[in-house]
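These values consider heavy atoms only, across backbone and side chains, with no hydrogens, waters or symmetry-generated copies. Keep in mind that what you see is a predicted model, and the values were worked out from it rather than measured.
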Amino acid sequence: MNRKNLETLVLVLGLLVIGAAVFFIFIRQQTPSSIFVTNLIISLGFLIYVIYSILATNNLNREIRGLTKQVAALKADITKKNSELEQRAARISTLEGEVAERNATIESANAQIAELQENVTTLQQQVQNLTPPEPGQHI
């Protein structure tokens with residue numbers, strides 16, 4: 001039975017019990033049989049309330065167990081994700097170090113290239129400044 005329907009049923013039964021008890025206490029004449037019936041009705045109402053409380057408690061405990069399992073699964077998931085994030089952060093740090101190292105290598109190579117180009121330019125100028133030997137002259 002649906003929880004909402006069960007609650008409605010218990011409320012209606014509770015109202016009926018209270019109404020019947022009020023009727024037997026205040027409206028009907030006080031006789032030993034009416035006092036017995038009033039006690040019986042109040043006891044029945046209390047029994048209905050206890051049964052409803054037990055059912056509601058069992059349902060809530062079942063829900064709590066299910067939610068506890070979900071929380072445990074989510075905590076495990078968070079731990080796993082945090083571990084993955086730490087691994088990725090370490091990998092990113094390693095890659096950044098490699099990038100910095102390679103950038104330094106590239107800068108060094110560019111400096112060597114510039115130096116070699118300067119040497120080539122100097123040698124080209126020296127070659128142009130050389131006068132060709134005259135015929136019969138030894139170098």
Side-chain angles (χ1 to χ4, degrees):
M1 180 178 264
N2 188 330
R3 181 189 299 175
K4 198 162 191 115
N5 292 340
L6 184 62
E7 288 176 0
T8 305
L9 178 65
V10 168
L11 286 174
V12 168
L13 285 175
L15 288 174
L16 289 174
V17 166
I18 291 171
V22 166
F23 173 76
F24 280 104
I25 290 173
F26 295 113
I27 298 174
R28 192 154 184 219
Q29 291 181 5
Q30 297 270 336
T31 63
S33 66
S34 70
I35 292 173
F36 174 75
V37 172
T38 304
N39 287 338
L40 190 63
I41 290 172
I42 291 173
S43 298
L44 179 66
F46 185 70
L47 180 65
I48 290 171
Y49 172 74
V50 168
I51 291 171
Y52 169 72
S53 295
I54 290 171
L55 291 174
T57 302
N58 286 339
N59 286 338
L60 290 175
N61 283 336
R62 194 174 322 124
E63 285 182 26
I64 288 171
R65 282 190 299 273
L67 292 174
T68 302
K69 287 178 184 177
Q70 284 181 346
V71 166
L74 290 173
K75 283 182 180 179
D77 215 17
I78 287 172
T79 304
K80 180 182 173 185
K81 297 293 181 187
N82 284 339
S83 173
E84 288 176 8
L85 286 174
E86 289 173 4
Q87 290 173 353
R88 288 181 181 171
R91 179 69 179 143
I92 287 172
S93 149
T94 303
L95 290 174
E96 285 175 344
E98 289 177 7
V99 167
E101 183 181 311
R102 289 184 180 160
N103 282 341
T105 304
I106 289 171
E107 287 177 17
S108 172
N110 284 338
Q112 287 177 350
I113 289 171
E115 184 181 326
L116 289 174
Q117 285 177 340
E118 188 177 305
N119 288 344
V120 168
T121 304
T122 304
L123 287 175
Q124 284 177 343
Q125 287 175 354
Q126 287 176 357
V127 168
Q128 287 176 354
N129 289 339
L130 287 178
T131 55
E134 292 187 22
Q137 222 181 14
H138 296 299
I139 303 181

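Applying the side chain to side chain donor-acceptor pair (under 3.5 Å) criterion to Arg62, with sequence neighbours excluded, gives Asn59.
Listed here is the closest heavy atom pair of Ile42 and Ala21: CG1-CB, 3.9 Å.
The hydrophobic clustering, which links ILVMFWY residues whose side-chain heavy atoms are closer than 4.5 Å, places Val37 and Phe46 apart. Connection of Leu9 to Ile48 is established within a shared hydrophobic cluster, with ILVMFWY side chains joined at heavy-atom distances below 4.5 Å, either directly or through further cluster members.
Considering CZ of Arg91 and OG1 of Thr94, their distance stands at 6.5 Å, rounded to 0.5 Å. Note that CD1 of Ile18 is 12.0 Å distant from CD1 of Ile41, once rounded to the nearest 0.5 Å. Here the CD-CD distance, from Glu98 to Glu96, works out to 11.0 Å after rounding to the nearest 0.5 Å. Distance CG/Leu11 to CG/Leu6: 9.5 Å, rounded to 0.5 Å. Interatomic distance, Glu84 CD to Lys81 NZ, rounded to the nearest 0.5 Å: 5.0 Å. Atom CD1 of Ile92 and atom CG of Leu85 lie 9.0 Å apart (nearest 0.5 Å).
Annotation: side-chain hydrogen bond (donor to acceptor under 3.5 Å, both in side chains) contacts involving residues 102-118, sequence neighbours excluded, are absent.
Under a 3.5 Å cut-off, the side chain of Thr8 and the backbone N or O of Lys4 do form a donor-acceptor pair. At least one donor-acceptor pair under 3.5 Å links the side chain of Asn129 to the backbone N or O of Gln125. With hydrogens and angles ignored, the 3.5 Å screen pairs no side-chain donor or acceptor of Ser93 with any backbone N or O of Ala89.
Partner Tyr52 forms a side-chain contact (heavy atoms from CB on, under 4.5 Å) with one of Leu13, Thr57, Val10 and no other, that one being Val10.
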